[in-house]
Amino acid sequence: MGQLHVMDHPLIQHKLSVIRDKNTSVKEFREIISEIASLMCYEATRNLPVEDVEIETPVATAKVKRLAGKKLAIVPILRAGLGMVDGIVQLIPSVKVGHIGLYRDPDTLKPVEYYCKLPKDIEERDVFVLDPMLATGGSAEAAISFIKQRGCRTIRLMNIIAAPEGVKKIQEVHPDVDIYTAALDERLNDHGYIVPGLGDAGDRIFGTK
Ligand code: PRP
Ligand code: URA
């Protein structure tokens, strides 16, 4: 079964407390989603392979460590996943970015795909799927299935808030996928919203409500 990593670093938890607040402005919400994504990326990439390299400092030869050229890609789930992209690109400027467009049908809560564009060599890359909210898990489950259909085998899911229902679904359907989240909340309400959650992440990032 895939592991669930709840990132309880104090900086992440403090920032999360600000975006949960319904009085936080769109500007601040957007900035903090990006900052949390950066901090989560820092933690989630802790085990990336490095290799020894020799370089010349102004003083002497030094044996240093560099990333071992592991090919990475991030795939935000539109719309809300877009809010996490910049924070990760700041840390990994060469990362390739695919996009998957899904929305939840408000009546059935089932994901509907409307866009998919992935890097051509996605099957050679380690992929982080990005979405601030893991609620029923339907959207993430579908996004991961699309990426697997393109031959990609190493996939991780990065959320900011997860519900137990969504975690269970991903662990059942995609047991090879680790989940990174800043919080595991209590439950879903009757409308499929995470409780206590932070409301509709897409609307709060883009100011559409
Ligand atoms: C939200 C959220 C996830 C999905 C989570 O997107 O960003 O993609 O719901 O719910 P699930 O786990 O039950 O599938 P939404 O459908 O509101 O679209 P948006 O990002 O365009 O606002
Ligand atoms: N999507 C959101 O944006 N928020 C939720 O709480 C659930 C799904």
Side-chain angles (χ1 to χ4, degrees), residues 2 4-6 15-26 28-37 40 74-88 97-118 127-148 155-175 177-209:
L4 174 68
H5 306 265
V6 180
K15 289 176 191 297
L16 182 57
S17 79
V18 179
I19 57 170
R20 281 190 192 273
D21 189 329
K22 66 179 184 186
N23 295 315
T24 295
S25 69
V26 168
E28 206 180 358
F29 189 92
R30 193 182 285 150
E31 286 169 359
I32 293 178
I33 284 274
S34 181
E35 288 170 8
I36 292 176
M40 292 183 72
I74 53 176
V75 181
I77 301 178
L78 306 182
R79 287 177 299 171
L82 287 176
M84 299 172 74
V85 169
D86 284 355
I88 294 179
V97 185
H99 294 87
I100 291 187
L102 294 171
Y103 68 88
R104 285 201 313 179
D105 182 294
D107 297 322
T108 64
L109 300 183
K110 294 266 181 279
V112 182
E113 186 197 344
Y114 61 89
Y115 187 77
C116 184
K117 182 88 182 171
L118 300 174
V127 171
F128 282 95
V129 174
L130 311 178
D131 195 324
M133 309 306 275
L134 180 66
T136 64
S139 307
E141 190 237 298
I144 292 167
S145 293
F146 292 141
I147 296 168
K148 283 186 175 173
I155 301 171
R156 299 181 184 88
L157 175 62
M158 196 183 287
N159 307 118
I160 292 181
I161 300 182
E165 293 88 337
V167 171
K168 186 163 175 275
K169 173 168 274 172
I170 298 301
Q171 288 181 332
E172 278 172 9
V173 182
H174 298 296
V177 172
D178 280 3
I179 303 170
Y180 296 83
T181 186
L184 179 63
D185 273 12
E186 286 164 36
R187 61 184 171 87
L188 298 179
N189 68 15
D190 293 344
H191 304 286
Y193 275 84
I194 301 177
V195 181
L198 51 69
D200 188 306
D203 281 341
R204 295 196 66 190
I205 291 169
F206 295 106
T208 43
K209 207 167 182 188

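Everything quoted here is computed from the prediction, not taken from an experiment. Start at 1 and go down the list; that is how both ligands and their atoms are numbered.
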Is Ser34 reaching over with its side chain to a backbone N or O of Gly87, donor-acceptor style, under 3.5 angstrom?
yes
Protein non-hydrogen atoms only, distance under 4.0 Å: does atom 1 (C) of ligand 1 have such a neighbour?
no
Does Glu141 reach the main-chain N or O of Ile170 with its side chain, forming a donor-acceptor pair under 3.5 Å?
no
With heavy-atom distances below 4.0 Å as the criterion, list the atoms of ligand 1 near Gly202.
22 (O)
Closest heavy-atom pair and its distance - Ile161, Arg20:
CD1-NH1, 3.5 Å
Keeping to residues at least two apart or across chains, list the ring pair (Phe, Tyr, Trp, His ring centres under 6.0 Å) pairs with something in residues 177-209.
His5-Tyr180
Could you report the tightest heavy-atom contact between Gly138 and Pro111, atom names first, then the distance?
O-CG, 3.3 Å
Tyr103 neighbourhood, listing ligand 1 atoms whose heavy-atom distance to it stays under 4.0 Å
16 (O)
Of all the heavy-atom pairs spanning Thr136 and Lys169, show the shortest one and how long it is.
O-CD, 3.6 Å
Sub-4.0 Å heavy-atom contact, Asp131 with ligand 1:
yes
Which of these, Leu102, Asp200, Asp203, Leu109, has its nearest heavy atom closest to atom 18 (O) of ligand 1?
Leu102
Looking only at atom types and distance, does a side-chain atom of Thr181 sit under 3.5 Å from a main-chain N or O of Leu184, one as donor and one as acceptor?
no
Who's the nearest protein heavy-atom neighbour of atom 13 (O) of ligand 1, and how far?
Thr136 OG1, 2.5 Å
Below 4.0 Å from ligand 1: does a non-hydrogen atom of Gly192 turn up there or not?
no
Check: every ligand 2 N/O to protein N/O pair under 3.5 Å:
residue  : atom  : partner : partner atom : Å
ligand 2 : 3 (O) : Ala201  : N            : 2.8
ligand 2 : 4 (N) : Gly199  : O            : 2.8
ligand 2 : 6 (O) : Ile194  : N            : 2.8

Nearest heavy-atom neighbours spanning Thr208 and Gly202
OG1-O, 4.1 Å
Among non-hydrogen protein atoms, atom 4 (C) of ligand 1 lies closest to Ser139 OG, 3.5 Å
Would you check the N or O atoms of Ala201, main chain and side chain alike, for any that come under 3.5 Å of an N or O of ligand 1?
no
Keeping the roles fixed (side chain from Arg79, backbone from Ile205), state whether a donor-acceptor pair exists under 3.5 Å.
no
Asp131 side-chain N/O to Asn159 backbone N/O, donor-acceptor pair under 3.5 Å:
no
Would you mind checking which non-hydrogen protein atom is closest to atom 22 (O) of ligand 1, with the distance to 0.1 Å?
Arg79 NH2, 2.9 Å
Short list, please: which atoms of ligand 1 are under 4.0 Å from a heavy atom of Gly137?
11 (P), 12 (O), 13 (O)
Nearest non-hydrogen protein atom, atom 5 (C) of ligand 1:
Met133 O, 3.6 Å
Any nitrogen or oxygen of Pro132, side chain or backbone, less than 3.5 Å from one on ligand 1?
no
Considering all heavy atoms, the nearest Ser139-Leu102 contact:
O-CD1, 3.2 Å
Please report which non-hydrogen protein atom sits nearest to atom 16 (O) of ligand 1, along with the residue it belongs to and the distance in Å to one decimal place.
Arg104 N, 2.9 Å
Between Met133 and Ala201, what is the shortest heavy-atom contact and its length?
CG-CB, 3.6 Å
Option among Leu78, Val75, Ile77 that satisfies the side-chain contact (heavy atoms from CB on, under 4.5 Å) test with His99
Leu78
